[in-house]
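Shown next, in structure tokens, is the structure this report addresses.
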Amino acid sequence: MMRLANFLSPLTEEELRDVYRIDVNRVQERLASLRNDSTVIEFSGVSERTGDGNKLTYSVKLYLESGDPVLDREMERWLSDNKRLLQNPEVRAKVAFRVKFYCRSTFRGAGLATYLIPREEDAFRKWGAREIHVLAMDDGLWVWTRPQFGYTITQGDLQSLKQKHRDWQRARGSTQLVEISRLDEFPRDFFETGVSFLSLFKVI
Amino acid sequence: MSRELKVYNEFDELILHAEHNLGDASVRLIDGTREMNRAIKALQGHDFERAAMINGQICVFQAGWDDPDFLDAVAGFWTASFGWRTRIVQKSPKFARAYEDVLISNVVIPNLPDPNPSAAYYAGLGSIREVFSVGKFQLSDLLSNVAYSVNDKFVVTSVIENDQARKPELVVLKIAA
């Protein structure tokens, strides 16, 4: 079985773990009691020769001093070293996949994503990832499509999303249908009620 | 061999009808909205891979552009993501030749509960068993979900759609001598 160190190279396991060490001075007061020494990061073994090449799955759990979790569900990430790129599906390369990131409602907007996301991306970039993929669902449909995170969507998916948005407006009785041209222009309630998932990506 | 994909929105309107020809890996737009025509054009020539969460599990819909199941992957993702109803019809060369020949049986399947029912569902329908006896073909033939030759005399399509009645039909065609 491929060793974790070999798979992550040139990134080290310590560097990846360090991504999730939160500087509580850089997030909001609500997270001041977050305990880094309680953070649990679990790596699966490296699965070899999957449809996406060799693949590592890992999860992250964050806790407060009280023992209460910061996340509703553990954060889940996949690293695949031969996955199809969304920007150019004929090319396979290293891809990082953000699967789950559910903050407890108490801590939403407390700056955790803003703090963590760039740190993760630096690590993924060092590992050699060409793209980061996000399976956006639930509240994440709105969050991950905000421009500051830099995610986009394939042209084909944007067109089908436009179709869905047109029908969504009609179903709500709108007579003046609004044409949307950019991913970040779709209204929040459309994401909340009209779409189940989107495959977003960012080239890094 | 070609496969056709029909996509219906929540108003049960046809928003895309496209044909994927497996011989030269081309796509032909038959009908659809501007957006959906653009969507399928954007997919043309590219392998497809999208993820979705179904029953708490990550599911990946993937297929190469020239794979026979390319449209299945696209349809599966659109159904999961947008709730659209999709239908795929496969035509074999034999089906194409037989299409203009004599229609000997045309049986409406009642009460279809699912826009994409499984082969097992059809297998459980008594009415289908009767149709089998008409065409003298085996249950396993239908499970293959393709246009199927039977004794070199008959061909059965997979279930196709009757747009007006909005009920699928099982069509048995006699192949030209």
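Since we're looking at a predicted model, the values are computed, not measured. The chains referred to below are lettered A, B, ... by the order of the sequence lines, with proteins before strands, and numbering in each begins at 1. These numbers come from the heavy atoms of this one structure, side chains and all, not from hydrogens, waters or symmetry mates.
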ask   = Is a side-chain N or O of A:N36 found less than 3.5 angstrom from the main chain of A:I22, in a donor-acceptor match?
value = yes
request  = Give a yes or no on whether the backbone of B:G76 and the side-chain of B:T79 come within a donor-acceptor separation of less than 3.5 Å.
outcome  = no
request  = Enumerate by number any residue of residues 126-135 of chain A whose heavy atoms lie under 4.5 Å from heavy atoms of chain B; in the absence of such residues, state 'none'.
outcome  = A:L135
query = Is the backbone N or O of B:F77 less than 3.5 Å from a side-chain atom of B:S81, with the two atoms forming a donor-acceptor pair by type?
reply = no
message = Report, in residue-number order, which members of residues 90-114 of chain A are under 4.5 Å from chain B by heavy-atom distance.
response = A:E90, A:F97, A:V99, A:K100
ask   = How would you list, in number order, the residues of residues 51-62 of chain A that have a heavy atom less than 4.5 Å from chain B?
value = A:D52
Backbone N/O of A:R26 and side chain of A:Y115: donor-acceptor pair under 3.5 Å = no
query = Got a second to check how far A:R21's CZ is from A:D37's CG, nearest 0.5 Å?
reply = 9.5 Å
request  = With rounding to the nearest 0.5 Å, note down the distance linking CD in A:E192 to CH2 in A:W142.
outcome  = 9.0 Å
ask   = Are A:Y20 and A:M75 close enough, and set up right, to give a side chain to side chain contact (heavy atoms under 4.5 Å, CB included), and what steps lead you there?
value = CA-CA 11 Å; A:Y20 303 99; A:M75 195 185 306; 3.8 Å; yes
remark   = Residue from B:G45, B:A42, B:A51, B:A52 scoring the most non-hydrogen pairs under 4.5 Å with chain A is B:A52
request  = Report yes or no: do A:R30 and A:Q28 form a side-chain donor-acceptor pair below 3.5 Å?
outcome  = yes
query = Say you draw a straight line from CD1 of A:I180 to NZ of A:K162; how long is it, rounded to the nearest 0.5 Å?
reply = 9.0 Å
inquiry  = Please report the interatomic distance NZ(B:K6) to NE2(B:H17), rounded to the nearest 0.5 Å.
reply    = 5.0 Å
query = Do you know which of A:Q155, A:R84, A:R166 has the most heavy-atom pairs with chain B at a distance under 4.5 angstrom?
reply = A:R84
CD on A:E13 to CG on A:L8, rounded to 0.5 Å = 7.0 Å
Partner residues of A:H165 under the ring pair (Phe, Tyr, Trp, His ring centres under 6.0 Å) criterion, sequence neighbours left out = A:W168, A:F186, A:F190
request  = Check each atom of A:E76 against the heavy atoms of chain B and say whether the ones under 4.5 Å are side chain, backbone, both or neither.
outcome  = neither
inquiry  = For A:E120, is there an ion pair with A:K202 - N to carboxylate O distance below 4.0 angstrom?
reply    = no
query = What is the distance from atom CG of B:D67 to atom CG of B:D47, rounded to the nearest 0.5 Å?
reply = 7.0 Å
inquiry  = I'd like to verify something: which residue of B:Q44, B:R34, B:H46 has the highest number of heavy-atom pairs under 4.5 Å with chain A?
reply    = B:H46
inquiry  = For B:W65, which atoms come within 4.5 Å of any heavy atom of chain A: side chain, backbone, both, or neither?
reply    = neither
inquiry  = So B:F70 and B:L43, do their side chains get closer than 4.5 Å, heavy atoms only?
reply    = yes
Part of A:L86 lying under 4.5 Å from any heavy atom of chain B = side chain
query = Is the closest basic N to carboxylate O distance between A:D122 and A:R119 below 4.0 Å?
reply = no
query = Using a cut-off of under 4.5 Å for heavy-atom pairs, which of B:I15, B:L16, B:V7 has the most such pairs with chain A?
reply = B:I15
message = Which atoms of B:E49 are under 4.5 Å from chain A, going by heavy atoms: the side chain, the backbone, both sets, or neither?
response = both
query = Is a side-chain N or O of A:R35 found less than 3.5 angstrom from the main chain of A:G67, in a donor-acceptor match?
reply = no
